[in-house]
Every structure is written in C-alpha cells, then in structure tokens.
Amino acid sequence: MAIIQYKGFVLDQLESLNNKYVLANGYLGLTGVMDELKQEDVAHLKVNGLYRTERSGKSYLSVFNPFYTEIIVKGVSLHPKNILPKLHEQKLDLETGLFSRKTVYNINDVDIVINSERFLDQRHRSFLFSKYSIYTTQPIVLELAHGFDMDVIEDYKEYYRDIVVDEKAEIALSAKIVDSDKNLYAVYTFEKNFKNKDRSKKHDAKEHYIIKTEADKEYVIYKYAGISSVERKNVDYLKKALNKLKKDGYDVALENNKIHWAKLWKVSHIDIFSNDLVDRFTEFNQFQLISHRPTDDETLISRYGLTDKKIDDSFTKEMYIFRFFLNTDYKSARRMLMYRVNTLLEAKANARKIGKNGALYTDSHNNLYINALIAYNFVDYVERTMDKTVLDNGGLEMLLEISKFYLDYISLNAKKTNYQVLNVKTLDNVIDEIDNSALLNYLIRDCFGKTANMVALSKVDKRKEVEKYLFENRYDKMIEHMREARRKIYLQQPNVTKLIQIYDKYFKNEERLAFPDVLNLFFLFPNDFKEADKEINYLYYRKFSRPNPLGAFILSFAAITQGYDKEANRYFKTYIPLNLHDNASKINHLQDYLDLGLSAAVYHYLVYGMAGLKHDKYLLMADAFMPMDVRRLEFKVRIAQNVAFVKIKRNSAMIDWNENN
C-alpha cells in the first residue's frame, strides 16, 4: 500500500497541505500538518453533526483541538510564520491511516527536531491518538505546552456557551452549542517519558513545562483524546474509555486501528499493476472516500470532506460518491439514503420556497438534478441488496414526494403532445435559463419509472396496506399522472447526425462548456444508447469543452469506452493528482482543497471506464479498455450477498465469484 509524502515547506501552500492531509473517520476530521498550528493557520478539528451557519453558507463547527502543542526557544515560538523550518517532511500511510511528520528548526546553530504522528480510531470514532517527540542537538532550555487550543473561545463565542474546563486528573472540557440542543464533550490525557512537572499559572486547559534538554535525548508525549456531541458519550464516558486505552498503550491502539483499516480496504481496494504513480494516486483518493464514510443515518457528507471549506451538498454526492459505497460498503450506501429520507421535511420546505409541491433535495442553487439522482440511487440499492426495509422506513414516501415535485414543475407544450422542463440550469449550475436539459429530462423520466416500480414492489408483501396509504395521501391519482408524464416527457433524442443536444438551442450557439453534462447519460444509462451515438457525441462535445476537473472526468470516461485511450489518458492525468500534495505531482498549487466528488470520479474512470463494468441487477459484465501504461487492473464489487473479483488485462476481462466477502 502506498505512502503519500511531501518534503519541503512553502508557507503559502499551508492551506493545501492541511486540507489534503486531513485525517477523518466520518465523525471527526483533523487538519493541520504540524501540532503547533492553530485555527488561524487552517488547522481544525471538526465534528460531523455540529455546524455553524453564516451568510456565506454552512460549515462544520470547529471544536477545541486537544493535540495543540507550543514550543518556545529563546522567546521564539516554533511556528512557520515566526521561523521557517530548516527541514520539513510529512507522510501519510494509506494502509494504516497514520500521518507523521518531521520538522527541524535551527536557532543559534542548535537543531530542534520535532517528530509527531497521529491517527483517528476507525472503529470507535470518538477517539484520536498522537505521539509527539522533541530532541535538540545541543543542551538548551525550552518551554513546552500541550493540550487544548483555547484561542477559539473569543472567535467562536457566538457558537459556544457555558464552557467548563476541569484539569484535575485529565483535562476535560464541556460546552453547549448555541442555537442547538447538542453539547460538546472533550477529554485529553497523556503519558510522557520525562519527569518535568506542570508549571501552569492559569487554567488554560494545557500542561506547561520548562525543560533543560540533554543533547539528542528524546522527550516523548503519548496523547489520547476523546470527542463527542452525544449525551451517552459525555465526559465521564470519555474519561473511562480513555483510561482503558491509556492502560493498553498507544502501540496497542495503533495496531488495533491497523487491523480495522485492513477490513475497510478488503473490498474497496483497487490494484493497479505496472503504473506506481496511478496506483498511489488512486489509493489516496479511495483512502479519503473510506475515511469520510457516514457514521449513521444523520450524517452529512460534504463534497470537500471534514475540512473548514463550506459544506457542499452538491450533485457529486449522488452522481459519483454514492456508487463507490454501493459497490464496496452497503452499510454506508444505506446510511446515505436514509439521511435523505430523514431530511424529507427539509426537502418539502425547499419545494415550497419556489412555490412547488412535493420534495426538492437540492444545493444552494436549487439544483433540480439531485432529486432524480437520489431516486436512481435508491432503486439501484434496493435492486442490488434486496433490502426493502428502506421502503418501509420512509423511502417510498420520499420517492413519491420527489415525483410529485417534478409533476408540479414540468409543463405541457402548447399542442399538449409532450411535457417540457423549462427554465433550468446545467448540472453544475454554471449555465442558467435553459430549457429541456437532455440529462435532466432523462433523469426525470427515469425517476417516474423507478418510483412506479418501487410502489409495485411495496405492494408485493403489503398490498392492502400500501393501497390504503396511497389512497389516503392521494398518491393513487398522482401515480396515474406520473405514468402519463413518463410517456410524454420530451427527450433530446439523437438527431439525424446522431448528436444529442445538451439543451434546447445549444446547436445554434455552441457555447463553451466546462462540464459537458450530457455525456453523463452514457455513464448512468449505458444500455440506452448505441455505441456509435456515444462516439459521435464524445467527439462533438470534446470540441466545445474547456473542461474543469469533473468535465475532464466525463470526457475521459467517454473517450476510454469509445477506444480513444490516448485522449482519455491525457484527460485522466489532469485530474487524478489534484487532491494530493505530493512530491511526485507537478500541480500541487492548482487546488488547495480536497474534493471527494473528484475522488469518486477517479474510481469510476477505472471501474466503469478502463474495466467497462456494467450492472444489470445481479448480472455483472466487464470489458477491457486499458491504456498502454497500465498492464492489469483488479478490484472487487459487492453484488447481493456476494463479492465479485474483477480482473482486467489489456485484452481480457474475467469475473471470479469465488472470492470470500
């Protein structure tokens, strides 16, 4: 398994380093490549479920980081804004989830060497661990403080109240979240290999030492922390759990986490042979997807992960991220669906805001595609797993309310021969006031059909009960309307030259596109279009695209599946490194954030592009569209209760159903 590493330090790239080396477990997200960084340095600890809302949008609320450490030598705080490091290198072990770094400062010809490592517990997700050590090449006097970064109190007083700090045995902190019924509980404890006593003169949730170092002697602190926002995991619970973890020791916790990571990787991992760079970059993107898997049915996954960037609940989650989990982790896929079911009231409110009935799941731009993508994913999940409990637990109502919204939004043309979808935007919200988006209209038709199928499936075991429910809520009449609308909705069919118009009148202006979303039709509905039509549309929209990263993905997907492997490879190489900050990448500066949508796109290019994977319920098919610089590709996919082992070579594709799950 790969190790992502970066040697060197550029202060202007600190935000990129912090965001791309984020450690997460779906509940906690920790950024900051040095323990000496604060929130003002874009180093944050986030808790999923705690949010702050501002005019510019919604973000995960930053909490008090228990791993903050400050070193002062000769009155200088060792921080890159005060003194640039003589050496800095950092590594992320993708097999174990362990982040480590080495930073060397030089003051008066004395090297101060700091080594630290940290990881987040992937099983018991409230806990995080760190090992921090320091040594000097000559004897000096240094001040060391470690514990909670409390500088956020003044900046975040509008978000926290009733902050209580207890420094008796462990350092414990509790606070109430303003405008929320939730609390924050945090506990920090540690072990050290030196005898210096705490010299704190004020209660600042830290320990303070003055150390007269011996040359080359290593001073080590093992750090244990627990963070929670639920009452049953309050301060007392965290203290008890941390004392047990501390008794077992740091190395035991690390080993247990390695074992759990092995389980997480078992079905998710893609093996790429003969191209170490693509293999490493792919593993990093998968690592971040796994790290951000949802913890429960209330978990909100942002496109940008558990970082300080504004939460983005955009189409990428439904279009790309969900399918990664459906292929590798049913539990996470189900949780993503149930999150949507549990926010149905909010979706209904969104519809009312624009004067429509039903439910509108959307982003901040009233994106109309997300609704239908949720329906697409919902049915895909049910057909793949035969888990009908999602229907009984509110899923059927959600599908019906989504369809109700579309029925209220579409309109008959003047001749009343077909239904049109007018005044909408492109999938990426860039071009507005368009009519009959090819992708959206196909999705709406698909949504109507899938909703009808799920109604029929619900009736199999509970016919009378379901029919009564439909009648009482007037869904029965609506379903008749839905069937008619499905038959009559206008679709951008291939014209005489086999081109599909991305939206009405596009062929007249041929506007440059950052994201030619029409090509997603071939990703979502590969069996609905002829291969010749796919090729002609790829060649056409390639000419009129100046692609952003996701645009490059869908172009690369269309290219590889139509035999244009060199072009596909060129597109692929423009976006696969963007989420990393790595010495092997020459474009670290182009993007300073993590994009989980792009991580999922990398996965789909390999699985649905290079491997040509196709699903038909329980039937799985693969093909080989391999570029010359990749010799072999192997991965696993969950189908029902089985795991398919897919093996792709340049001229062959094989699926083995004997792999244990």
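Taking NZ of Lys404 as the reference point, atom NE2 of His481 lies at 13.0 Å (rounded to 0.5 Å). One distance of note links CD of Glu484 with CZ of Arg487; it measures 6.0 Å at 0.5 Å rounding. A distance of 14.5 Å separates CZ in Arg632 from CE in Met610, rounded to the nearest 0.5 Å.
Ile655 and Trp657 get closest at one heavy-atom pair: CG2-NE1, 3.6 Å. The two atoms that bring Ile370 and Glu318 nearest to each other are CG2-CG, 3.9 Å, heavy atoms only. For the pair Leu337 and Ile374, the tightest heavy-atom approach, listed with the atom from each and the gap, is CD2-O, 4.4 Å. Taking each heavy atom of Ala644 and Leu620 in turn, the nearest pair found is CB-CD2, 3.6 Å. Taking every heavy atom of both residues into account, Ala611 and Ile648 meet most closely at CB-CG1, 3.7 Å. The two residues Ser458 and Val466 make their nearest non-hydrogen contact at O-CG2, 3.5 Å.
Residue-environment remark: CG (Asn651) stays at or below the threshold of 12 foreign heavy atoms within 6.0 Å. Within 6.0 Å of CE on Met1 lie more than 12 heavy atoms contributed by other residues, nucleotides or ligands. Counting heavy-atom neighbours within 6.0 Å of Lys459 NZ, excluding the residue itself, gives a total above 12. Residue Lys498 qualifies as open at atom NZ: its count of foreign heavy atoms under 6.0 Å is 12 or below. More than 12 heavy atoms of other residues, nucleotides or ligands sit less than 6.0 Å from atom NZ of Lys356.
The ring-ring contact (aromatic ring centres under 6.0 Å, His included) search around Phe325 returns none, not counting sequence neighbours. Residues that satisfy the side-chain contact (heavy atoms from CB on, under 4.5 Å) test with Lys505, not counting sequence neighbours, are absent from this structure. For Ser411, the side-chain contact (heavy atoms from CB on, under 4.5 Å) criterion is met by Leu422, not counting sequence neighbours. Partners of Ser585 under the side-chain contact (heavy atoms from CB on, under 4.5 Å) rule, at least two apart in sequence or in another chain, are Phe281, Pro577, Ile587, Asn588.
Taking the six-membered ring where the residue is Trp, Tyr475 and Tyr469 present tilted rings, their angle falling between 30° and 60°. Between Phe544 and Tyr506, the two ring planes are perpendicular [angle over 60°; tilted spans 30° to 60°]. By the 30° and 60° cut-offs, the orientation of the rings of Tyr320 relative to His604 is tilted. Ring geometry for Phe315 against Phe515 counts as parallel: the plane angle stays under 30°, on a 0 to 90° scale with 60° as the upper cut.
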Evaluate Ser437 against Tyr369 for side-chain hydrogen bond (donor to acceptor under 3.5 Å, both in side chains), listing each step before the verdict.
CA-CA 10 Å; Ser437 158; Tyr369 300 75; 2.9 Å; yes

Side chain to side chain contact (heavy atoms under 4.5 Å, CB included) evaluation trace for Ile434 with Lys425
CA-CA 6 Å; Ile434 62 172; Lys425 302 176 183 178; 5.6 Å; no

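If you look at Phe529 and Phe525, their ring centroids are not closer than 6.0 Å. Between Phe507 and Tyr540, the ring center distance clears the sub-6.0 Å criterion.
Side-chain atoms of Val267 and Asp329, non-hydrogen and from C-beta on, never get closer than 4.5 Å to each other. Residues Phe322 and Lys317 fail the side-chain proximity criterion, which asks for heavy atoms closer than 4.5 Å. Looking only at side-chain heavy atoms (C-beta outward), Asn537 and Leu499 come within less than 4.5 Å of each other. Residues Asp297 and Val341 are not in side-chain contact: their nearest non-hydrogen atoms beyond the backbone lie 4.5 Å or more apart. Residues Leu326 and Asn377 have side chains not in contact (no heavy-atom distance under 4.5 Å, counting atoms from C-beta outward). Residues Arg486 and Thr451 have side chains not in contact (no heavy-atom distance under 4.5 Å, counting atoms from C-beta outward). The shortest distance between side-chain heavy atoms of Met319 and Leu427 falls below 4.5 Å. Residues Arg483 and Ile479 have side chains in contact (heavy-atom distance under 4.5 Å, counting atoms from C-beta outward).
Remark: the Tyr419 side chain and the Arg445 side chain contain no N/O donor-acceptor pair separated by less than 3.5 Å. Between Arg334 and Thr389, the side chains place a donor N or O and an acceptor N or O closer than 3.5 Å (distance only, hydrogens not considered). Between the side chains of Asp446 and Tyr376, no donor N or O sits under 3.5 Å from an acceptor N or O. With no hydrogens or angles considered, a side-chain donor-acceptor pair links Asn327 and Tyr608 at under 3.5 Å. Using modelled atom types, one finds no donor on one side chain facing an acceptor on the other under 3.5 Å when comparing Gln492 with Tyr503.
Looking at Lys450 and Glu383, no side-chain N of the basic residue comes within less than 4.0 Å of a carboxylate O on the acidic one, giving no salt bridge. A salt bridge links Lys573 with Asp629: the closest approach of a Lys/Arg side-chain nitrogen to an acidic carboxylate oxygen falls below 4.0 angstrom.
Looking only at distances, no side-chain donor or acceptor of Lys309 sits under 3.5 Å from a matching main-chain atom of Leu594. Side chain of Lys20 to backbone of Leu580: a donor-acceptor contact under 3.5 angstrom is found. For Lys614 (side chain) and Leu619 (main-chain N/O), no donor-acceptor pair under 3.5 Å exists by modelled atom type. Judged purely by atom type and a 3.5 angstrom limit, Ser268 has no side-chain atom pairing as donor or acceptor with the backbone of Trp265. In terms of modelled atom types and a separation under 3.5 Å, the side chain of Asn441 and the main chain of Leu491 share no donor-acceptor contact. Judged by distance alone, with hydrogens and angles left aside, the side-chain atoms of Gln288 form a donor-acceptor pair with the main-chain N or O of Val22 at under 3.5 Å. In this structure, Arg631 contributes its side chain and Met626 its backbone to no donor-acceptor pair below 3.5 Å.
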Which donor-acceptor pairs under 3.5 Å do side chains of residues 547-556 form with protein atoms, sequence neighbours excluded?
| unit_1 | atom_1 | unit_2 | atom_2 | d |
| --- | --- | --- | --- | --- |
| Asn548 | OD1 | Leu550 | N | 3.3 |
| Asn548 | OD1 | Gly551 | N | 2.7 |
| Ser556 | OG | Ala552 | O | 3.3 |
| Ser556 | OG | Phe553 | O | 2.6 |
| Ser556 | OG | Tyr575 | OH | 2.8 |

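Sorted by first and then second residue, the pairs that involve residues 276-286 and meet side-chain hydrogen bond (donor to acceptor under 3.5 Å, both in side chains), not counting sequence neighbours, are His269-Glu283, Arg280-Asp582, Asn285-Asn579, Asn285-Ser599.
Phe324 pairs in a ring-ring contact (aromatic ring centres under 6.0 Å, His included) with only one of the listed residues (Tyr603, Phe635, Tyr605), which is Tyr603. For the side chain to side chain contact (heavy atoms under 4.5 Å, CB included) criterion with Phe405, the lone passing option out of Leu368, Leu400, Asn357 is Leu368.
Figure legend: cation-pi geometry between Arg323 and Phe523, with NZ or CZ positioned under 6.0 Å from the six-membered ring centre and within 45° of its axis.
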